[in-house]
**Q** 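To start, I am sharing the structure in question, which I have written as structure tokens.
A quick note: this is a predicted structure, and the numbers were derived from the prediction, not measured. Below, all heavy atoms of this structure are taken into account, side chains as well, without hydrogens, waters or symmetry copies.
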Amino acid sequence: MLTFFMAFLFNWIGFFLSFCLTTSAAGRYGAISGFGLSLIKWVLIVRFSTYFPGYFDGQYWLWWVFLALGFMLFIRGFVNYSRVRKMVDPAYANLPRTRVLFIY
């Protein structure tokens, strides 16, 4: 949850810091989810703000692309964390806990 909020509040800087400084799957997937929601937040801020006129004039497909990308990043982080959390194999139950490298 900490890496999620860090990536959400501090945008891409928070994402890079939280993704690089954590070693657990929960931390990394939280950072991915937080960055996805941060991307959605900034697309909506730029789209509906009066301070940024002309950014999406005539290019609404670009708005939808970034919105879909942010949503997919959020869902990817959430679903992959759920998979890792529920991954239980009885063959490994008796082994001591070790760190596992997940390929992102």
Side-chain angles (χ1 to χ4, degrees):
M1 289 300 288
L2 179 67
T3 58
F4 172 80
F5 286 120
M6 190 169 150
F8 180 70
L9 293 176
F10 297 112
N11 304 318
W12 63 272
I13 294 172
F15 168 71
F16 284 125
L17 284 176
S18 60
F19 192 83
C20 292
L21 294 178
T22 58
T23 58
S24 68
R28 292 195 175 181
Y29 287 133
I32 291 171
S33 292
F35 182 67
L37 278 186
S38 176
L39 187 63
I40 291 172
K41 173 184 73 170
W42 278 106
V43 165
L44 293 176
I45 286 172
V46 170
R47 172 68 177 94
F48 294 110
S49 177
T50 58
Y51 293 112
F52 303 106
Y55 270 69
F56 288 109
D57 289 342
Q59 297 179 356
Y60 291 110
W61 63 271
L62 190 61
W63 178 69
W64 284 107
V65 166
F66 281 116
L67 197 67
L69 180 69
F71 187 70
M72 284 191 286
L73 282 173
F74 172 71
I75 295 298
R76 178 180 179 242
F78 184 76
V79 168
N80 286 344
Y81 171 71
S82 298
R83 278 191 202 158
V84 169
R85 180 96 172 141
K86 294 179 194 265
M87 191 170 39
V88 177
D89 191 358
Y92 298 115
N94 295 332
L95 296 175
R97 290 184 178 215
T98 59
R99 294 186 185 204
V100 179
L101 174 67
F102 290 99
I103 306 299
Y104 296 102

**Q** Just verifying a value: how many Å separate L17 CG and T3 OG1, rounded to the nearest 0.5 Å?
**A**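 Going from CG on L17 over to OG1 on T3, the span is 11.5 Å.
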**Q** Counting N and O atoms only, with roles assigned by atom type, does the side chain of T22 sit under 3.5 Å from a partner on the main chain of S18, one being a donor and the other an acceptor?
**A**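 Yes; judged by distance alone, with no hydrogens or angles, the pair exists.
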**Q** Among residues at least two apart in sequence or on other chains, which ones pass side-chain hydrogen bond (donor to acceptor under 3.5 Å, both in side chains) with W42?
**A**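 So W42 forms a side-chain hydrogen bond (donor to acceptor under 3.5 Å, both in side chains) with N11.
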**Q** To the closest 0.5 Å, what do you measure between CZ (F66) and CG (L44)?
**A**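 The CG atom of L44 is 13.0 Å from CZ of F66, to the nearest 0.5 Å.
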**Q** In Å, rounded to the nearest 0.5 Å, how long is the span from CD1 of I40 to CZ of R47?
**A**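 One gets 15.5 Å once the value is rounded to the nearest 0.5 Å.
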**Q** Could I get the full list of side-chain contact (heavy atoms from CB on, under 4.5 Å) partners for W64, not counting sequence neighbours?
**A**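 If we apply the side-chain contact (heavy atoms from CB on, under 4.5 Å) test to W64, skipping adjacent residues, the hits are L67.
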**Q** I'd like to know if M1 and F78 are part of one continuous hydrophobic network [Ile/Leu/Val/Met/Phe/Trp/Tyr, side-chain heavy atoms within less than 4.5 Å].
**A**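 They do not share one cluster, since no chain of ILVMFWY contacts under 4.5 Å joins F78 to M1.
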**Q** Please state whether the rings of F74 and F4 are parallel, tilted or perpendicular, taking 30° and 60° as the class boundaries.
**A**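 Rings of F74 and F4: tilted, as their planes differ by 30° to 60°.
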**Q** Using ring-ring contact (aromatic ring centres under 6.0 Å, His included) as the criterion, list what pairs up with F8, not counting sequence neighbours.
**A**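 Residues passing ring-ring contact (aromatic ring centres under 6.0 Å, His included) with F8: none at all.
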**Q** Is F71 reachable from V65 through a run of I, L, V, M, F, W or Y residues, each pair having side-chain heavy atoms under 4.5 Å apart?
**A**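 Shared cluster, yes.
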**Q** For the CG atom of L37 and the CZ atom of F5, what is their distance to the nearest 0.5 Å?
**A**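 Here the interatomic distance stands at 10.0 Å.
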**Q** Could you list the residues that satisfy side-chain contact (heavy atoms from CB on, under 4.5 Å) with V79, not counting sequence neighbours?
**A**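 Expected list: I75, R83.
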**Q** Quick one: side-chain contact (heavy atoms from CB on, under 4.5 Å) partners of F10, sequence neighbours excluded?
**A**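 Scan of F10 (side-chain contact (heavy atoms from CB on, under 4.5 Å), adjacent residues dropped) gives M6.
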**Q** Tell me every residue that passes side-chain contact (heavy atoms from CB on, under 4.5 Å) with Y81, counting only those two or more places apart in sequence or in another chain.
**A**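 For Y81, the residues satisfying side-chain contact (heavy atoms from CB on, under 4.5 Å) (neighbours in sequence not counted) are A26, Y29, R85.
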**Q** Answer yes if L73 and L62 sit in the same cluster of Ile, Leu, Val, Met, Phe, Trp and Tyr residues linked by side chain heavy atoms under 4.5 Å apart, and no otherwise.
**A**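 Yes, L73 and L62 fall within the same hydrophobic cluster.
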**Q** Write down the atom of A31, the atom of A7, and the distance for their closest heavy-atom approach.
**A**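 The answer is O-CB, 3.5 Å.
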**Q** Determine whether I32 and F15 make a side-chain contact, defined as any pair of heavy atoms from C-beta on separated by less than 4.5 Å.
**A**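 They are in contact (side-chain heavy atoms under 4.5 Å apart), so the answer is yes.
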**Q** State plainly whether one hydrophobic cluster holds both V43 and L9, where clusters connect Ile, Leu, Val, Met, Phe, Trp and Tyr through side-chain heavy atoms under 4.5 angstrom apart.
**A**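 Linked, V43 and L9 end up in one cluster.
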